Amino acid sequence: MSRRAVVIGAGLAGMLAAAALSAVADEVIVWDRDDLPDGPEHRKGLPQGRHAHMLLAGGLAAMEDLVPGVSLRERLLAAGAREVSLASGMVSLTPEGWLRRWRGPGPHMLACSRALLDWVVREAVPAHTGVKLRKGQVVEVTGDARRVTGVRVATPSGSEDLDADFVVDASGRGSRVDAWLRAMGVTDVRAQTVDAGLVNATRVYRMPEGAEDFPVTVLHADPYGSRPGRSGMVLPIEGGRWMASLAGTRGGEPPSDPDAFLRYALDLPHPLVGRLISRAEPLTDVHVSRSTSNHRRYLERTRHWPERFVVLGDALATFNPAYGQGMSVAALGARALARELGRAGLSGPGVARRAQRGAAGAVHAAWTMAVGQDIWYPGTRGGTPGLADRLVTAYTRRMTRAMTGSHSAASAVWEVSSMTAGPERLLRPGAVLAAAVGPVKRPLSAPPLSPRELELAGLS
């Protein structure tokens, strides 16, 4: 008998879930309500799509596992994405000071537009798995608290009921999963929202001649100064362009006016981001987004969970985009699904429950990092620091301070922040010792730029 799986949403989480399902299903259909672009173009259903995105090493590894036989990394690089070393390819100002650039190996990340990443994945998955993309909005998931049986879809030609042996909701922030679960009899879903009121503002520029290898530049917000957090980033993307993203929490929001956008960048704790973009040609208007809260559904904690139904990506949890974790968490969740499907198939008892718990593991690590900082900003809604938060924050700040002059501390943090290791990496003896000793090199008083880079930035 033919086995059919349905995925709701053709974003990154949905396409990766479809790739996982294709290994065990005869037919995989991905439904999306949007008209999907034929190239690397922004689409309406992705509110954060115009802002800076970083694909972390852990997320890329999960993606490569999910789409065997094709290197997504090579495809992205061929399309203009940039591979950036966390050790040497970044200039970062943290609340504890400038981070050094170290020689030698370290985790890498890929920098490109979200539109390019989604398009490369959306092209690669159907081409190598037979997954089908169809336009339509899933309005109902059918079944009961014991098992999901299919979906009801509103299509351009009318309503359609579709039986399915497995359903994945990857429909994003606007997911209706709470209502679907209640209709099936699952009524004990807990959720939490922590909202620092972050606003993102982004503008794309033509990269100045000679700046092709300029490091990724990040001026981090300070959660601990009892004032709104303000940050800025310049990220290289495909097409010889820079993406400049500014962000501010409640009370410190960046503006949409181009002149005020530049003034905001120049007024950050260091003018580096402002200096860079003041010397570059703007290519777009300033795009502003406010869909930035941390929101998590604790689906793994429900008393009962329907067989053959899993929720992934932003439908499961969203994070403050300043921390760059969302895409990697989606990929790790899809890999957790693939692992459980590989062990027991579509209809194995408990597969969906175990996959949901596996996806929650990746969510928890990212949630702890994001919320652990956001709760310190004034005006944050949904969370306040407790004793445990204060202890974790004290250790985190000590580790960050050590990073400014300790390669051992930096290496530990790189592995966690790139999602190639869990937070427990920071508690290994070597990391604890590095935090205790602190920086072994003197703090930097200025950004670690070469003479040529200082000239390009207008700081020489």
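Please read these numbers as outputs of a predicted model, since none were measured by experiment. Sequential numbering from 1 along the given sequence is applied to the chain's residues.
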Using a 4.5 Å cut-off on heavy atoms from C-beta on, say whether the side chain of R296 contacts that of V363.
-> yes
Considering only NZ, NE, NH1 and NH2 on the basic side and carboxylate oxygens on the acidic side, decide whether D178 and R297 come within less than 4.0 Å.
-> yes
Q. So, does T94 use its side chain to make a donor-acceptor pair with the main chain of S92 at under 3.5 Å?
A. no
pair P385-R390: side-chain heavy atoms closer than 4.5 Å: yes
**Prompt:** Salt bridge between R263 and D259, side-chain N to carboxylate O under 4.0 Å?
**Reply:** no
*Any donor and acceptor pair, going by atom type alone, linking the side chain of Y377 with main-chain N or O of G248 inside 3.5 Å?*
no
Could you go step by step and tell me if D267 and R230 meet the salt bridge (Lys or Arg N to Asp or Glu O under 4.0 Å) rule? CA-CA 10 Å; D267 287 341; R230 299 164 69 242; 5.2 Å; no
- So, do L117 and L76 sit near enough that their side-chain heavy atoms are less than 4.5 Å apart? yes
Nearest heavy-atom approach of P448 to W98 is CD-CE3, 4.1 Å
| task | Using a strict 4.0 Å threshold on nitrogen-to-oxygen distance, state whether D65 and R335 make a salt bridge. | result | yes
query: Between L316 and Q356, is any pair of side-chain heavy atoms under 4.5 Å apart?
result: yes
For V139 and W180 the tightest heavy-atom approach is O-NE1, 3.3 Å
* To do: Answer yes or no: is there a donor N or O on one side and an acceptor on the other, between the side chain of D188 and the main chain of R303, under 3.5 Å?
  => yes
**Item:** salt_bridge(E453, R101) N-O dist < 4.0 Å
**Value:** yes
Quick one: does any side-chain atom of R82 pair with a main-chain N or O of A111 as donor and acceptor, under 3.5 Å?
no
By side-chain hydrogen bond (donor to acceptor under 3.5 Å, both in side chains), T202 pairs with (sequence neighbours left out) H51, S245
For S328 and Q325, indicate whether the former's side chain and the latter's backbone hold a donor-acceptor pair under 3.5 Å. no
Next on the checklist: Looking at E253 and R290, is any side-chain nitrogen of the basic one under 4.0 Å from a carboxylate oxygen of the acidic one?
Outcome noted: no
When you compare the side chain of R397 with that of Y395, does any pair of heavy atoms fall below 4.5 Å?
no
Worksheet item: Short question: side chain of T187, backbone of R182 - any donor-acceptor pair under 3.5 Å?
Response: no
Flag if over 12 foreign heavy atoms under 6.0 Å of CG, D213: no
What one should report as the nearest heavy-atom pair of G251 and P228 is C-CG, 3.7 Å
Discussion item. Atom NE2 of residue position H364 - does it have more than 12 heavy atoms of other residues, nucleotides or ligands inside 6.0 Å?
Written reply: no
inquiry  = Assess whether a salt bridge exists between E238 and R241, defined as any Lys/Arg side-chain N lying under 4.0 Å from an Asp/Glu carboxylate O.
reply    = yes
State, yes or no, whether a side-chain contact exists between V167 and V151 at a heavy-atom distance under 4.5 Å.
yes
(Q) Between H108 (side chain only) and G106 (backbone N and O only), is there a donor and an acceptor less than 3.5 Å apart? (A) yes
Taken in chain and number order and not counting sequence neighbours, the residues that satisfy side-chain hydrogen bond (donor to acceptor under 3.5 Å, both in side chains) with R357 are none
Mark yes or no for whether R33, through its side chain, and Q137, through its backbone, hold a donor-acceptor pair below 3.5 Å. no
Contacts of W119 meeting ring pair (Phe, Tyr, Trp, His ring centres under 6.0 Å) (sequence neighbours excluded), chain-then-number -> none
